[in-house]
Amino acid sequence: MPADPLRRRVPRWLVAVALALVAAAAWWGWPSYGKASAVPAYRLAKVERGSLTATVSASGTLSAVKTVLVGSQISGQVKELYADFNSPVKQGQLLARIGPETYEIRVRQAEADLEAARTAFLQRQSDTAAQRSQLLRAKLAWDDAKRELDRKESLVQKGFISPAERDKAVFAEQTAAETIRTVEAQVKSTDAQVANASAVVKQREAALASARNELDKTRITAPVDGVVISRQIDAGQTVAASLNAPTLFTIAQDLREMQVEVAIDESDIGRIRSDQPVSFTVDAFPGRTFQGRVTQIRKAAQSVQNVVTYTVVVGTQNPALTLVPGMTANVRIVTDQRDNVLKVPNAALRFRPAGVTNGKAEPAPVAATRGP
C-alpha cells in the first residue's frame, strides 16, 4: 500500500532554515520588548538654598580712558624723532621735529614786510605833520589877510584909500581862506593814509605771527602726560597735511585706569544699569578674573547685519599695568543677585513626560479596523 504523502519525511535543510528564521525574529524583537517593559530612569537632585546671579555675557576691547591722537597741522619732512613706542612723555615734551627751513624763510620775509610797513607808517605820519604845519601857516596867513582887509575897509570909509585897494585886500583874504580849505583836505587825506598805513602794519604783524606760529608747529609736542602706544611716522618721512591733520603719535594718558567698550544686544540692554559690578577675563591671563563696574551706557545704537547693539563702557583699575589697550575682554555683567533662596536645576523645570505636549496628554492612537 503506498505511503501517505503527509507522512513523508521533511527534508533536514528545510527544518534548519525554519529554525534560523525563528531565531532571527527572536533576536530582532527582544530589544523592543526589553525597552517596552523597562522601568523609566530618573535623575535626582537636591532642593537647596544658596545664591542666584543673573548675568549678561558679551565681549569688548580694552582701551585707555583717554587716548589723544597727536597730528601735524603743517606739511614737511620729519627731520628728527624724540619718542618711540612705549615711551613715557610729559606735557609739552618734544616728540618730533619737521624741517623748519621753509617756515624760517617765511618768518624772515614777514619780518621784512612788517619793517617796511612800519617805515611807510612813519612816513605817512611825517607827511601828516607837514600838512598840519602848512595848515597852521595858512591860517596865520588868513588872519593877516583878514586884519589887512579890516584896515583897508576902515580907510576906504574914511576916504584915505581907493576902493580898488580894498578889493585887493578882499581877494587876498578869500585866497587865504581857500588855501586853508585846500590844506585841510590834504590833512584829511594824509590822516587817511596814516590810518591805512597803521592797518597795513597790523596786517603785517598778523602775517608775522602766523609765520611764527607755523614755525612753532614744526615742533610736535605731547599735549598730555602719558605713554606713546603708537607711532605712525619715521625719520625722513614726508608729512602732507592738506585737509586732515595726519596722525603721528597716539598717547594713552593714564594706563592705570582702563575701560572696556562692550557691545550689548538690544534684548539685554534693558537690564543694564550704571555702577553694576562686572567681571571679565582676557586671553593673555587665563584663569585670572578682573573686576570693574559699568560707568556709561551709550544711547547711540549700532546696527550690523540687522543686529542692533548698544555700547556699554566698563571701567576698571590697572595699578600693575597688567592690561594693555587692544586686548579682547570676555565680560560678565551682574544684572541681579539673590541670596538664601531655594534652588532647583533648570532641567527639572523643563521635564516633560513621554506622551505629553504643552501640558496635555496626547490621545491614545486608535487602531484601524478592517471591514468584513
Side-chain angles (χ1 to χ4, degrees), residues 66-83 87 89-139 180-226 228 231-251 253:
K66 186 175 182 181
T67 302
V68 181
L69 302 179
V70 182
S72 174
Q73 300 181 19
I74 62 173
S75 302
Q77 187 179 30
V78 179
K79 290 292 185 181
E80 298 171 333
L81 286 177
Y82 301 98
S87 298
V89 295
K90 297 292 184 180
Q91 183 177 2
Q93 179 178 336
L94 185 62
L95 303 179
R97 188 175 181 85
I98 296 176
E101 293 82 6
T102 302
Y103 301 97
E104 289 175 348
I105 293 174
R106 293 180 183 177
V107 169
R108 290 196 293 270
Q109 182 179 357
E111 289 175 347
D113 292 341
L114 176 60
E115 189 65 26
R118 287 175 175 172
T119 302
F121 175 70
L122 293 177
Q123 182 64 40
R124 296 294 180 270
Q125 284 184 326
S126 177
D127 293 343
T128 301
Q131 292 294 333
R132 292 185 183 281
S133 176
Q134 187 176 356
L135 177 61
L136 180 60
R137 289 196 299 270
K139 288 182 178 180
I180 290 176
R181 287 192 289 271
T182 301
V183 175
E184 286 178 344
Q186 292 175 351
V187 169
K188 291 180 180 180
S189 177
T190 54
D191 287 341
Q193 292 177 359
V194 169
N196 181 64
S198 176
V200 172
V201 169
K202 294 179 179 179
Q203 184 179 5
R204 296 293 184 266
E205 288 176 347
L208 177 58
S210 176
R212 288 174 175 171
N213 184 37
E214 290 184 350
L215 179 60
D216 291 339
K217 289 177 181 178
T218 60
R219 302 175 69 257
I220 309 300
T221 58
V224 295
D225 298 343
V228 177
R231 172 176 62 82
Q232 286 84 21
I233 58 169
D234 293 308
Q237 183 176 347
T238 300
V239 177
S242 55
L243 297 178
N244 298 323
T247 300
L248 308 182
F249 299 90
T250 303
I251 299 177
Q253 185 172 8

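The shown structure was predicted, so the numbers you read here are calculated from the model rather than taken from an experiment.
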message: Is it the case that the side chain of Thr119 and the backbone of Glu115 share a donor-acceptor pair, with hydrogens and angles ignored and the cut-off at 3.5 Å?
response: yes
task: Would you please say whether a donor-acceptor pair under 3.5 Å links the side chains of Asp127 and Gln131?
output: no
task: Spell out, as yes or no, whether a donor-acceptor pair under 3.5 Å connects the side chain of Gln253 to the backbone of Gly226.
output: no
field: Thr190 OG1 to Gln125 CD distance, which is reported to the nearest 0.5 Å
entry: 11.0 Å
field: CG-OG1 distance between Leu69 and Thr247, expressed to the nearest 0.5 angstrom
entry: 4.5 Å
Gln93 side, atom CD; Tyr82 side, atom OH - distance, nearest 0.5 Å: 11.5 Å
query: So, Asp191 and Arg132, do they make that salt bridge, N to O below 4.0 Å?
result: yes
- request: Quickly, which of Thr218, Ile220, Ile233 forms a side-chain contact (heavy atoms from CB on, under 4.5 Å) with Val78? Name it, please.
  value: Ile233
query: Any donor and acceptor pair, going by atom type alone, linking the side chain of Ser75 with main-chain N or O of Ala241 inside 3.5 Å?
result: yes
- request: Supply the atom-to-atom distance Leu248 CG to Asp234 CG, rounded to the nearest 0.5 angstrom.
  value: 11.0 Å
message: Please check if the number of heavy atoms outside Gln109 that lie under 6.0 Å from its CD is greater than 12.
response: no
- prompt: Which heavy atom in Ala138 sits nearest to a heavy atom in Val183, and how many Å separate them?
  reply: CB-CG2, 4.4 Å
- prompt: How about Gln73: does its CD atom have over 12 heavy atoms from other parts shown lying under 6.0 Å from it?
  reply: no
